[in-house]
Amino acid sequence: MNVRFLVLGLALSIAAPASAQVAAQAAPRYWVRDVAVIPLDTDEVLSHRDVLIEDGRIRRIAAASGKLRVGDATVVDGRDKYLLPGFVDAHVHLATEGGIRASKDPTISGLDLGADHRYDRHVMLSLLKAGVTGAANLGGSVGSDDDLLRLRGEIDAGREPGPKLYVGKLINGPRAAVAVRPDGQPVPASKPEAPTTAADGIAAVQRAKQRGYDFIKPYQFLNRETYLAIVEEAKRQGYITTGHLPELGCASCADRAFAFAHPMTNIAHSEELARYGRIGSDLAPADIEALAQAVADSGMSVTPTLVTLKTIVGMYVQREVPAVPHGWNDTVDPVTRRDWAAPGNRYLSQAFRDQEGADTFSAGYDFARVLTRALWKRKVPLTVGTDAALPGLAFGVSVQQEMIELREIGLKPLEVLRAASLNAHRLFDPQAGSGAAREGERANLVLLDADPLADIHNTGKVAGVFTQGRWLSIGEIDRQLAQGAEFERGLQRQIEQRKAAAAK
Ligand SMILES: [Zn+2]
């Protein structure tokens with residue numbers, strides 16, 4: 001079952017010239033007064049603490065005395081609130097201006113996006129609104145990647161609000177090279193943009209390094225030798241790999257033992273394992289246990305993306321896009337909204353319903369839940385990923401939805417919160433500390449109005465975030481989102497006009 005968007009058009013472009021060097025703005029100092037700190041690396045809750053944040057780091061965590069001289073620091077009232085590591089979406093496909101520009105869809109390409117990156121800012125603010133202070137992009141168009149590589153630098157320098165971005169390079173072979181049922185398509189000649197040889201796979205990884213990507217996403221239509229070359233070259237380059245497992249069944253394809261013997265760092269969906277667990281057409285409970293054990297033995301971690309499958313199943317069963325959680329409708333921008341509607345939304349298409357195995361989608365969601373539970377029982381590190389903005393999954397709030405999914409299969413709130421922060425930190429940024437709310441760690445934090453250890457739904461009660469050491473209250477985030485509302489309406493008008501012109 002492969003129900004994910006295929007990312008097409010991987011032609012390399014020339015790297016964008018370095019933007020003008022504007023001095024990075026120094027992050028101000030903050031005192032969070034009298035707050036409960038949940039560090040997450042242990043099970044303790046540190047009640048009534050004052051927390052000093054300076055130069056993007058947690059400088060001090062001290063017993064709240066009310067007597068500390070805060071000097072020029074900005075005071076954030078932490079009373080009855082909870083401060084913990086911010087959430088990370090470990091599997092997202094960020095919508096960007098670059099993606100719009102690269103689009104071949106006449107209703108989308110060439111939209112007037114203005115000159116001040118409002119579109120990208122809106123997406124970044126939507127993530128922050130949900131307490132998401134880290135996001136790993138698992139591949140998009142070259143245009144969107146250029147945009148994200150630029151944006152990553154702007155956010156790091158404190159010139160744009162946003163989560164810490166990790167930009168992944170998707171590397172995939174041509175589908176025809178490994179199609180399980182040969183359909184007569186000739187296999188195109190190998191090239192680094194769509195490699196079918198080890199040499200081109202290695203070249204693809206090296207180009208990604210030159211362009212400054214953060215990690216590699218191997219995709220499933222890579223043959224055995226190319227897949228292996230990419231995984232090994234990524235390791236040599238100091239990259240982690242998170243992606244899809246290679247296809248099974250063709251002469252040049254990997255088999256199950258091969259994939260587990262040459263593991264990626266992380267598997268990007270639990271659904272990927274469904275292909276590997278299926279013997280014949282059914283999934284037996286014993287297979288799930290054996291599969292979970294194979295994952296544990298391989299050392300791979302997993303991003304289950306349960307909410308993704310749930311949403312796809314919802315579209316299949318209801319024949320409509322599930323509603324986004326209350327209050328989040330306005331955060332979905334007009335271009336994304338259009339992608340979610342028919343005919344752009346392939347999950348609502350007849351072709352999608354007609355594909356073989358469509359009647360087992362619901363079972364696939366059940367399978368993923370049972371498998372993820374078996375992985376958790378074996379202490380396989382899990383992370384929180386959403387595949388947003390897949391139809392129905394809004395940036396930001398979908399992270400909260402996935403946390404609820406993990407809670408529902410049995411993880412304790414503390415374990416869910418670790419999956420949403422520390423585990424992602426270890427996966428994408430292992431050199432940058434533990435990610436816990438401790439002195440010396442980077443100040444990517446979320447402040448909640450209610451205790452998330454008591455009820456995971458409280459992760460939705462965001463009072464504000466520290467991102468790269470800068471405080472943004474929820475009021476400020478909403479104010480900045482509202483500033484962009486007129487721009488969003490303008491985009492909507494442009495799209496309506498183009499649709500009307502096309503209909504004539
Ligand atoms: Zn994805």
Side-chain angles (χ1 to χ4, degrees), residues 1-10 87-96 98-99 102 123 127 132 134-145 147-148 163 165-173 175 208 213-222 230 240-247 264-275 300-315 321 336 339-340 344-347 352 361 364-365 368 372 382-399 401-402 405-406 419-420 424 427-428:
M1 171 167 72
N2 174 42
V3 292
R4 225 140 295 288
F5 285 126
L6 288 182
V7 179
L8 302 173
L10 295 174
F87 312 130
V88 179
D89 192 332
H91 188 144
V92 70
H93 299 275
L94 293 166
T96 64
V123 172
L127 292 162
V132 175
N137 194 70
L138 269 82
S141 66
V142 170
S144 75
D145 286 358
D147 211 21
L148 290 172
L165 295 182
Y166 306 102
V167 185
K169 175 59 185 167
L170 187 153
I171 302 176
N172 194 15
R175 187 175 189 137
Y213 282 92
D214 294 300
F215 64 92
I216 300 294
K217 180 190 191 184
Y219 207 74
Q220 71 208 50
F221 300 117
L222 293 165
I230 288 167
I240 68 112
T241 42
T242 173
H244 290 202
L245 291 167
E247 285 289 336
M264 294 182 286
T265 319
N266 183 74
I267 301 170
H269 305 284
S270 53
E271 179 207 350
E272 281 301 294
L273 287 157
R275 284 188 284 131
M300 283 188 278
S301 55
V302 176
T303 310
T305 63
L306 296 176
V307 72
T308 316
L309 272 178
K310 184 186 202 172
T311 303
I312 292 170
V313 168
M315 285 187 275
V321 178
T336 298
D339 289 343
W340 290 10
N345 180 348
R346 62 182 287 259
Y347 301 105
F352 182 74
F361 289 163
Y365 172 56
T372 302
L382 304 177
T383 46
V384 169
T386 65
D387 234 340
L390 183 133
L393 294 166
F395 293 121
V397 71
S398 51
V399 172
Q401 291 174 278
E402 178 68 3
E405 289 290 310
L406 293 179
L427 176 60
F428 293 107

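Just so you know, ligand 1 is whichever comes first in the structure, and atom 1 is the first atom listed for that ligand.
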Is it the case that the ring center of Tyr347 lies less than 6.0 angstrom away from the ring center of Phe361?
no
As a test of reading the structure, name the N/O/S atom of His93 that is nearest the Zn ion (ligand 1).
NE2
Nearest 10° is fine: what angle sits at the Zn ion (ligand 1) between NE2 from His91 and OD1 from Asp387?
100°
Does any N, O or S atom of His269, backbone or side chain, fall under 2.8 Å from the Zn ion (ligand 1)?
no
Side-chain contact, heavy-atom cut-off 4.5 Å: Val399 with Val92?
no
Spell out, as yes or no, whether a donor-acceptor pair under 3.5 Å connects the side chain of Asp89 to the backbone of Thr386.
yes
Take Phe215 and Tyr166 through the ring pair (Phe, Tyr, Trp, His ring centres under 6.0 Å) test and state the conclusion after the steps.
CA-CA 7 Å; Phe215 64 92; Tyr166 306 102; 7.6 Å; no
